[in-house]
Protein chains: 2
Amino acid sequence: MATGRTHRPATRSRGIPEATVARLPLYLRALTGLSERSVPTVSSEELAAAAGVNSAKLRKDFSYLGSYGTRGVGYDVEYLVYQISRELGLTQDWPVVIVGIGNLGAALANYGGFASRGFRVAALIDADPAMAGKPVAGIPVQHSDELEKIISDNGVSIGVIATPAGAAQPVCDRLVAAGVTSILNFAPTVLTVPDGVDVRKVDLSIELQILAFHEQRKAGEEAAAEAAHPVAAHRGDSTEQGPDGDVPAVMPA
Amino acid sequence: MATGRTHRPATRSRGIPEATVARLPLYLRALTGLSERSVPTVSSEELAAAAGVNSAKLRKDFSYLGSYGTRGVGYDVEYLVYQISRELGLTQDWPVVIVGIGNLGAALANYGGFASRGFRVAALIDADPAMAGKPVAGIPVQHSDELEKIISDNGVSIGVIATPAGAAQPVCDRLVAAGVTSILNFAPTVLTVPDGVDVRKVDLSIELQILAFHEQRKAGEEAAAEAAHPVAAHRGDSTEQGPDGDVPAVMPA
DNA sequence: ATGTCTTTGTGAACGCGTGCACAAAGATGG
DNA sequence: CCATCTTTGTGCACGCGTTCACAAAGACAT
């Protein structure tokens with residue numbers, strides 16, 4: 001899970017479990033697809049398959065929102081789209097700022113998934129004076145000096161940090177001081193924020209490391225299987241290097 | 001949590017809980033920072049603070065790896081870096097391919113966090129013939145036709161998908177058929193893969209939506225607090241544009 | 001109206017993850 | 001060598017999340 005919450009003691013906001021909230025966007029996307037194909041109703045089984053989850057889980061998730069289904073029939077697609085959108089707060093307009101317009105920041109500015117979901121890129125901000133005025137995704141980049149003014153003029157409450165690691169905390173502090181209360185952090189750093197501010201972290205490197213762990217484990221099991229069946233030698237890896245690589249220097253208790 | 005696992009019934013790989021594995025990269029980063037500053041040892045309390053977690057949790061996490069600390073002193077930084085790296089499989093070289101060299105793919109190719117952690121970008125692949133040969137991050141982009149050959153020649157087992165949503169599943173299928181067994185997916189789609197293949201998902205839009213939910217909730221509470229202040233309006237939750245917006249058309253059971 | 005059939009909504013059980021609190025272990029000083 | 005002090009490693013309890021399994025609810029046909 002690439003999610004890094006920041007000190008909210010498992011608060012179930014208004015009775016909706018955090019895990020459920022995290023899945024609502026998934027359902028919403030699947031439903032939007034159905035809606036575009038003019039599918040009128042959908043069963044929990046079908047929708048669950050489209051969203052890649054268990055149908056029981058989906059039904060329980062929806063039960064936290066209310067009784068929006070019809071037994072024997074399923075869920076009305078349009079109605080459910082509306083209910084979930086409203087629950088997530090996507091029926092209103094969320095101006096966001098992106099700070100740090102490097103490769104990643106530019107990618108985010110160009111990302112279509114924002115505008116289609118009620119998010120509006122209010123401004124792109126970078127510390128490099130050479131970037132100022134240069135348009136990215138049709139929006140002129142503004143200098144960091146303008147940060148506080150931009151936030152307050154546009155009523156921005158959500159900020160995206162795509163700066164290098166070193167700049168992240170200072171930028172974060174300025175965002176918070178200016179009134180931002182939700183931060184999506186792409187910089188590989190642990191951000192410290194006051195109470196009441198939400199931080200979510202996306203870390204590309206961490207995701208890859210988790211994959212590497214499982215990959216290594218799979219390679220190890222495969223090697224063990226090969227040792228049992230010395231014939232089927234797939235993938236000439238290296239010289240056998242099992243899951244432990246070499247011998248641990250300290251014996252576990 | 002930007003994490004989307006794919007059908008692994010909470011398998012605790014080799015006794016290490018999934019939640020712990022997800023935190024190991026976090027510890028590793030904090031430790032690397034200490035190592036660069038030549039700090040010899042660190043206590044669980046200090047390291048936990050640097051990694052942004054609870055110290056008890058950190059100690060329990062490390063206990064799954066073995067007894068690598070010294071009571072009364074703490075943990076040896078260098079030794080711990082090595083142990084965690086080995087556990088995550090970062091002592092070996094992981095060639096990865098990035099498919100889909102748009103804004104995001106380019107950002108990933110330029111991302112420094114990969115190379116420094118045992119990952120090597122073996123190839124950049126794109127379906128657009130116009131991109132072929134063009135260097136991105138110093139690596140010439142190759143055409144999709146070469147995909148299978150690249151994977152097998154380089155022994156690639158980890159693939160990164162940064163294509164548009166529509167192209168993701170076909171690309172995924174080809175990657176898997178060619179031998180890739182771990183996939184990091186940035187496309188906003190649910191990927192279907194055979195057993196034995198790991199998928200992790202990073203979805204920028206979903207993270208923002210989760211933030212919007214909490215933001216809305218905060219705004220609602222704030223409004224409720226304001227409503228309570230002026231004349232102490234008890235339970236005025238119906239006419240107020242609170243967290244519910246408008247009145248639900250269906251009454252919950 | 002009655003029965004059958006489909007699908008929801010949920011009570012209950014279970015398992016994982018988290019955090020507390022403390023005993024064990026080792027360092028350090030006298 | 002003994003006492004004290006620091007910090008680890010972990011047993012235990014608790015709460016959240018997941019899954020099962022089924023009763024209730026409604027559609028639909030007769």
Side-chain angles (χ1 to χ4, degrees), chain A residues 1 3-24 26-27 40-49 51-77 79-80 83 250-253, chain B residues 1 3-24 26-27 39-49 51-77 79-80 83 248 250-253:
Chain A
M1 182 158 99
T3 83
R5 309 293 323 295
T6 299
H7 206 51
R8 177 185 301 269
T11 311
R12 279 198 291 177
S13 331
R14 180 157 147 252
I16 300 182
E18 195 58 32
T20 295
V21 172
R23 279 188 296 266
L24 290 182
L26 229 57
Y27 303 144
T41 61
V42 65
S43 72
S44 65
E45 202 71 49
E46 294 165 331
L47 183 55
V53 302
N54 181 300
S55 74
K57 195 185 294 186
L58 178 141
R59 286 199 301 275
K60 181 147 290 226
D61 283 342
F62 285 176
S63 79
Y64 292 113
L65 308 184
S67 278
Y68 293 153
T70 306
R71 300 179 191 223
V73 176
Y75 300 91
D76 182 279
V77 171
Y79 185 58
L80 204 47
Q83 289 298 342
V250 168
M251 200 54 69
Chain B
M1 195 141 37
T3 82
R5 309 294 323 293
T6 298
H7 205 54
R8 179 183 299 269
T11 311
R12 279 199 290 178
S13 330
R14 172 140 154 265
I16 301 181
E18 194 60 30
T20 295
V21 173
R23 279 188 295 267
L24 289 182
L26 228 58
Y27 302 144
V39 178
T41 61
V42 66
S43 73
S44 64
E45 202 71 48
E46 294 164 330
L47 183 54
V53 301
N54 182 302
S55 73
K57 195 186 296 186
L58 178 142
R59 288 198 300 277
K60 181 148 291 211
D61 283 342
F62 286 176
S63 78
Y64 292 114
L65 309 182
S67 276
Y68 293 153
T70 305
R71 299 180 191 221
V73 176
Y75 300 91
D76 182 279
V77 172
Y79 185 59
L80 204 47
Q83 288 298 342
V250 169
M251 202 49 70

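The basis for the numbers below is simple: all heavy atoms, side chains too, and nothing from hydrogens, waters or symmetry mates.
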Pick from Tyr79(A), Tyr27(A), Phe62(A), Tyr75(A): which one makes a ring pair (Phe, Tyr, Trp, His ring centres under 6.0 Å) with Tyr68(A)?
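The single option meeting the ring pair (Phe, Tyr, Trp, His ring centres under 6.0 Å) with Tyr68(A) is Tyr79(A).
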
For [X] and [N], what is the distance between atoms [atom1] and [atom2] respectively, to the nearest whole Å?
X	N	atom1	atom2	value
Glu18(B)	dT18(C)	CD	P	12 Å
Tyr64(A)	dT10(C)	OH	P	10 Å
Asp76(B)	dT7(D)	CG	C1'	15 Å
Leu58(A)	dT7(C)	CG	P	14 Å
Lys57(B)	dC16(D)	NZ	P	14 Å
Tyr79(B)	dT8(D)	OH	P	16 Å
Asn54(A)	dG15(C)	CG	P	17 Å
Leu47(B)	dT7(D)	CG	C1'	14 Å

Please determine whether a side-chain nitrogen or oxygen atom of [X] lies at a distance below 4.0 Å from atom OP1 or OP2 of [N].
X	N	result
Tyr75(B)	dG9(D)	yes
Ser44(A)	dT7(C)	no
Thr70(A)	dG26(D)	no

With rounding to the nearest 0.5 Å, note down the distance linking CG in Asn54(A) to NZ in Lys60(A).
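The CG atom of Asn54(A) sits 11.5 Å away from the NZ atom of Lys60(A).
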
Value rounded to 0.5 Å, distance of NZ in Lys57(B) from OG in Ser44(B)
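Output value for this atom pair is 13.5 Å.
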
Taking every non-hydrogen atom, the tightest pair across Tyr64(A) and Gly15(A)
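Shortest heavy-atom contact: CD2-O, 3.8 Å.
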
Shorter than 3.5 Å, N or O on both sides, protein versus nucleotides 28-30 of chain D: list them out with atom names.
none

Please write out the pairs of protein N or O atoms and N or O atoms of nucleotides 23-25 of chain C separated by less than 3.5 Å, giving the distance to one decimal.
{"from": "dA24(C)", "atom 1": "N3", "to": "Arg71(B)", "atom 2": "NH1", "distance (Å)": "2.7"}
{"from": "dA25(C)", "atom 1": "O4'", "to": "Arg71(B)", "atom 2": "NE", "distance (Å)": "3.4"}

Residues in side-chain hydrogen bond (donor to acceptor under 3.5 Å, both in side chains) contact with Ser63(B), at least two apart in sequence or another chain
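Testing Ser63(B) for side-chain hydrogen bond (donor to acceptor under 3.5 Å, both in side chains), a comparison that skips the adjacent residues, returns none.
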
Please enumerate all residues that pass side-chain hydrogen bond (donor to acceptor under 3.5 Å, both in side chains) together with Thr41(A), with sequence neighbours excluded.
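For Thr41(A) there are no side-chain hydrogen bond (donor to acceptor under 3.5 Å, both in side chains) partners, ignoring immediate neighbours.
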
Partners meeting salt bridge (charged side-chain N to carboxylate O under 4.0 Å, His left out) with Arg23(A) (sequence neighbours left out)
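Only Asp61(A) meet the salt bridge (charged side-chain N to carboxylate O under 4.0 Å, His left out) criterion with Arg23(A).
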
Please pick, from dC20(D), dT8(C), dG17(D), the nucleotide with the shortest atom-to-atom distance to any side-chain atom of Arg59(A).
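Nucleotide nearest to Arg59(A)'s side chain: dT8(C).
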
Of all the choices, dG9(D), dG9(C), dT18(C), which nucleotide is nearest to the side chain of Ser67(A) once you look at every atom?
dG9(C)

Apply side chain to side chain contact (heavy atoms under 4.5 Å, CB included) to Ala48(A) and list each qualifying residue two or more places apart in sequence or on a separate chain.
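Expected list: Val53(A), Ser55(A), Leu58(A).
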
Go nucleotide by nucleotide along DNA chain C from the 5' end; which of Lys60(A) and Gly69(A) gets its closest nucleotide reached first?
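The 5'-side residue here is Gly69(A).
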
